[in-house]
2 protein chains.
Amino acid sequence: MKKPSRAGHLDPAAICRSSNPMAVRELLTKIGDKWSIFVVLSLELLGGRARFPELKRAVPGISQRILSSTLKTLERDGLVVRELFPEVPPRVDYEMTDLGKSLLLPTQGLVDWAKANWEQVRETQFRYDTR
Amino acid sequence: MKKPSRAGHLDPAAICRSSNPMAVRELLTKIGDKWSIFVVLSLELLGGRARFPELKRAVPGISQRILSSTLKTLERDGLVVRELFPEVPPRVDYEMTDLGKSLLLPTQGLVDWAKANWEQVRETQFRYDTR
DNA sequence: CGGTATCCAACAGGATACTG
DNA sequence: CAGTATCCTGTTGGATACCG
């Protein structure tokens, strides 16, 4: 397990040097898309394992096509696993992997930040726009 | 200051309930775009304050137009401040705000995750693609 | 049920040229 | 110097219809 970075002081140089910075951007682009975070969080909310229509209900507003492609990307990345039961009608379970669950933890950091500061961001935007 | 969330167990329900979940997605979409993170990190790397061409040099590959619009968005969000010196030729300084700096901290969590797990993600992708 | 195929609108962002 | 204007392309994602 990786230990959480000690707070206090942050070294942006270390951030930029750490492995390849592209990984960071790719990760952010990936989980920063319109639905991934919600799908991951909803799947965890459903106990870490759920069927397609359960997920669809748990993520209001998502279309079938987007849920499908989002899950495929998550599966490709190893964050969820897909299990097909060859029944009629077919049934598919999606389950969080340990890797997927491990991503929830740092995500929490951003959630906390958004929770703590988003209102201020909105106000700043408003002031900027109404100048 | 917000205290880092205690590890051990994570409550996704809390994540989903925390303020509005839209804030989280908007934040991720924002910093998950192609250049924002690099601009923010580079600005911090340059000591938290820099001029336009310094930033441009510090972020290889970014175009003038994109750097400009990225900075404008960051300014609108209150993550950086823009200071114009009415000289000829004009000169503009960009500086990180405390809010902007505070975002670096949770970002570090994702950086750590990417550093620790990205190779595994790539391998998983490769295996998925070559099936 | 759990998708894929097709079509389309919106937007991000790159190249280039121009301006106060 | 520090942008903006214009043009253009690729990608994201929404709607709908069809398939095994």
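- In this model, the phosphate group of C/dG3 is approached by a side-chain N or O of A/R82 to a distance below 4.0 Å at OP1 or OP2.
- A cation-pi arrangement is not found for B/R122 relative to B/F126, the charged atom failing to lie both closer than 6.0 Å to the ring centre and inside a 45° cone about the ring normal.
- The aromatic rings of B/W118 and B/W113 sit perpendicular, their planes meeting at an angle over 60°, well past the 30° parallel limit.
- Within the 4.0 Å cut-off from OP1 or OP2 of C/dG3, not a single side-chain nitrogen or oxygen of A/K72 is found.
- Nucleotide D/dG13 holds its C1' atom 13 Å from the CG atom of A/L67, rounded to whole Å.
- Contact annotation: A/R65 side-chain N/O to D/dA17 OP1/OP2 distance is not under 4.0 Å.
- Between B/R51 atom CZ and D/dA2 atom C1' there is a gap of 10 Å when expressed in whole angstrom units.
- Of the candidates D/dG3, C/dG14, C/dC1, C/dG14 carries the atom nearest the B/K34 side chain, counting heavy atoms from C-beta on.
- Within the 3.5 Å criterion, the main-chain N or O of A/Q120 finds no donor-acceptor partner in the side chain of A/N117.
- When B/L79, B/I37, B/V40 are each tested for a side chain to side chain contact (heavy atoms under 4.5 Å, CB included) with B/L103, only one passes: B/L79.
- Rounded to a whole Å, the CG atom of A/D33 is 14 Å from the C1' atom of D/dG14.
- The phosphate of C/dG2 has neither OP1 nor OP2 within less than 4.0 Å of any side-chain N or O from A/K56.
- Regarding B/E87, its CD atom lies at a distance of 10 Å from the P atom of D/dA2, rounded to whole Å.
- The side chain of A/S68 places an N or O atom within less than 4.0 Å of a non-bridging phosphate oxygen (OP1 or OP2) of C/dT4.
- With 3.5 Å as the limit, one finds no donor-acceptor pair spanning the side chains of B/D129 and B/Q125.
- For the pair A/Q64 CD and D/dA17 P, the computed distance is 13 Å after rounding to whole Å.
- The separation between A/L74 atom CG and C/dG3 atom P is 13 Å, rounded to whole Å.
- Remark: P of D/dA5 and CD1 of B/I66 are 15 Å apart, rounded to the nearest angstrom.
- At the phosphate of D/dG3, OP1 or OP2 sits under 4.0 Å from a side-chain N or O atom of B/Y94.
- For the pair B/E26 CD and C/dC11 C1', the interatomic distance rounds to 16 Å; values are reported in whole Å.
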